[in-house]
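A short write-up of the structure that comes next.
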Amino acid sequence: MKSLPPPSHDKVLFTPGPLTTSLSVKQAMLHDAGSWHWEFNDLVRSIRHRILALAGLPTGAQWECILLQGSGTFGVEAVLASVVPPHGKVLVHANGAYGERALLMLQHHRTAAVPWRTPENVVPDATELDRLLAEDPTITHVVAIHCETTTGILNPVETLGPVVRRHGRVFIVDAMSSFGALPLDFDQGGIDYLISSANKCLEGVPGFSFVIGRRPDLEATAGWARSLSLDLLGQLRGFDKNGQFRYTPPTHSILAFDQALRELDAEGGPAARGARYQRNHTVLLEGMRSLGFRSYLPAAVQSCIITSFLFPPDPAFTFDGFYRRLSEKGHIIYPGKISQADTFRIGSIGRIFESDVRALVHAVRESIAEMGVTRLAPPA
Ligand SMILES: *Cc1c(COP(=O)(O)O)cnc(C)c1O
């Protein structure tokens with residue numbers, strides 16, 4: 001009898017990245033690639049084109065995809081450190097930790113920033129943005145987070161972008177946890193720069209982020225970068241010159257990503273992947289509700305990427321105890337990050353399926369029984 005490759009016995013990650021990847025994506029890393037070698041650099045070029053195709057942008061047009069070493073944060077910081085002129089001012093919408101992190105970056109760069117905060121369970125209103133931009137003509141750039149992974153809220157970037165464009169400002173979108181699964185129309189959304197990473201909905205392993213932007217816009221930023229290694233135009237010029245990353249590339253992560261993109265195609269592309277995540281989310285929400293848990297966000301603003309659940313109001317419940325019990329049963333969940341409520345989070349993304357979610361819900365039922373948690377939600 002022929003032996004099959006061994007299954008992966010890792011615990012299943014219900015997290016927003018790094019996440020559970022397929023065995024074949026992991027196996028793609030069992031090679032050493034030379035960063036100078038043409039085979040590797042052809043692969044880098046192909047990956048840059050394939051990401052533009054996923055974004056629905058034509059190659060050979062003015063759009064470029066720039067890969068950057070590091071996690072998603074490095075990609076966001078590269079954009080903010082590179083495309084804002086020395087006397088620019090950036091309005092940042094924040095209804096979670098990632099909007100706040102963009103503000104923190106600007107503070108570190110000594111770049112003028114205007115926070116536009118809304119509560120963590122409320123999406124921003126385009127008419128309010130219209131007013132903010134009309135009031136302050138010195139604002140040059142606007143930042144919005146597509147899926148704010150802090151809660152799982154889906155911000156309406158496609159209604160904000162046209163307002164930004166009408167006012168002649170530059171629109172930067174952090175689509176870290178949504179790109180590759182949730183649709184975003186660059187043209188309709190008035191998106192100038194978009195940032196995402198290898199290890200979220202594209203189901204690769206950590207190692208690099210990528211930025212999509214127009215070449216003429218990038219060329220116009222020459223001399224503005226406040227960082228050497230995070231200089232976006234510098235990175236693009238490196239790829240222009242010899243097809244290479246400027247500094248040591250994440251070779252294994254690139255090899256894994258190539259395989260991850262093939263598997264995205266095989267699944268049917270972003271629409272099919274989004275449908276799988278939606279199914280995971282629906283099964284999760286129904287299962288958790290049937291146990292008595294309540295989710296934090298109203299359904300109208302909830303994305304299918306990650307879901308925040310309120311702690312049960314029972315003194316027998318502790319997050320640490322709950323987490324440890326689930327881990328012993330093979331499931332890894334995520335702590336909450338919300339400032340206004342005690343929550344934990346469960347992600348629906350990665351190489352996980354409805355059957356994995358059902359198994360998780362079953363383990364949740366067992367875990368709370370073991371803990372003696374009986375009161376789950378306050379009466380609605
Ligand atoms: C994951 C994420 C980031 C980047 O986080 P890293 O941990 O640096 O990869 C940024 N923004 C959003 C919305 C995210 O979900």
Side-chain angles (χ1 to χ4, degrees), residues 5-6 8 10 13 15-55 59 63-79 81-82 175-177 179-181 194-213 218 225 227-267 270 273 349-351:
S8 183
D10 297 326
L13 301 175
T15 58
L19 26 77
T20 290
T21 57
S22 69
L23 186 60
S24 32
V25 162
K26 290 185 273 285
Q27 282 170 334
M29 290 187 285
L30 298 177
H31 301 280
D32 299 308
S35 64
W36 274 75
H37 191 54
W38 55 267
E39 279 170 334
F40 179 73
N41 291 316
D42 281 353
L43 188 59
V44 169
R45 186 175 315 113
S46 138
I47 283 172
R48 293 174 59 209
H49 288 157
R50 283 143 83 197
I51 292 173
L52 291 176
L54 284 177
T59 47
W63 291 98
E64 292 288 346
C65 171
I66 303 167
L67 310 183
L68 273 150
Q69 298 94 329
S71 80
T73 302
F74 293 67
V76 177
E77 184 146 20
V79 171
S82 304
M176 207 67 68
S177 61
F179 186 83
L194 177 140
I195 308 115
S196 190
S197 106
N199 66 277
K200 296 208 175 175
C201 297
L202 297 176
E203 298 187 3
V205 305
F208 66 95
S209 62
F210 55 86
V211 177
I212 298 173
L218 285 157
S227 164
L228 172 67
S229 58
L230 297 180
D231 179 348
L232 202 55
L233 180 57
Q235 188 85 342
L236 177 61
R237 287 186 170 152
F239 287 126
D240 285 349
K241 192 170 103 203
N242 53 18
Q244 297 178 15
F245 280 75
R246 281 178 306 162
Y247 313 120
T248 300
T251 45
H252 296 82
S253 173
I254 292 279
L255 297 176
F257 194 71
D258 172 51
Q259 179 62 23
L261 288 183
R262 290 170 202 270
E263 294 179 14
L264 175 59
D265 278 346
E267 186 171 0
R273 178 151 299 176
I349 65 177
R351 191 53 60 89

Quiz item: Does a side-chain heavy-atom distance below 4.5 Å link Phe179 with Lys200?
Solution: no
Kindly compute the distance separating [atom1] ([X]) from [atom2] ([Y]), expressed to the nearest 0.5 Å.
| X | Y | atom1 | atom2 | result |
| --- | --- | --- | --- | --- |
| Phe74 | Leu230 | CZ | CG | 7.5 Å |
| Met176 | Thr73 | CE | OG1 | 6.5 Å |
| Leu43 | Arg48 | CG | CZ | 12.5 Å |
| Ile66 | Leu218 | CD1 | CG | 4.5 Å |
| Arg237 | Arg246 | CZ | CZ | 11.0 Å |
| Ile349 | Thr15 | CD1 | OG1 | 7.5 Å |

Practice problem: Might you work through the side-chain contact (heavy atoms from CB on, under 4.5 Å) test for Val205 and Val25, ending with a clear yes or no? | Solution: CA-CA 8 Å; Val205 305; Val25 162; 4.2 Å; yes
Quiz item: Can a salt bridge be assigned to the pair Asp42 and Arg45 using a cut-off of 4.0 Å between side-chain N and carboxylate O?
Solution: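 Salt bridge: yes.
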Quiz item: Below 4.0 angstrom, N of the basic side chain to O of the carboxylate: do Arg50 and Asp258 qualify?
Solution: yes
Quiz item: In chain order, what residues pass the salt bridge (Lys or Arg N to Asp or Glu O under 4.0 Å) check against Arg273, with sequence neighbours excluded?
Solution: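 If we apply the salt bridge (Lys or Arg N to Asp or Glu O under 4.0 Å) test to Arg273, skipping adjacent residues, the hits are Glu203, Glu267.
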Taking [X] for its side chain and [Y] for its backbone only, find out whether a donor-acceptor pair lies under 3.5 Å.
| X | Y | result |
| --- | --- | --- |
| Lys26 | Thr21 | yes |
| Gln235 | Leu67 | yes |
| Gln69 | Thr248 | yes |
| Thr251 | Ile254 | no |
| His252 | Leu30 | no |
| Ser82 | Ala225 | no |

Can you name the closest pair of heavy atoms from [X] and [Y] and give their distance?
| X | Y | result |
| --- | --- | --- |
| Asn41 | Gly243 | OD1-O, 3.2 Å |
| Gly180 | Leu264 | O-CD1, 4.3 Å |
| Gly72 | Ser197 | CA-CB, 4.1 Å |
| Ile195 | Gly75 | CG2-C, 3.7 Å |
| Ser35 | Phe40 | CA-CD2, 4.1 Å |
| Gln259 | Ala28 | CB-CB, 3.8 Å |

Practice problem: Check the pair Tyr247, Leu228 against side-chain contact (heavy atoms from CB on, under 4.5 Å), reporting the backbone distance first and the verdict last. | Solution: CA-CA 11 Å; Tyr247 313 120; Leu228 172 67; 3.6 Å; yes
Exercise. Look at the rings of Phe257 and Phe210 and say which category their plane angle falls in: under 30° parallel, 30 to 60° tilted, over 60° perpendicular.
Key: tilted
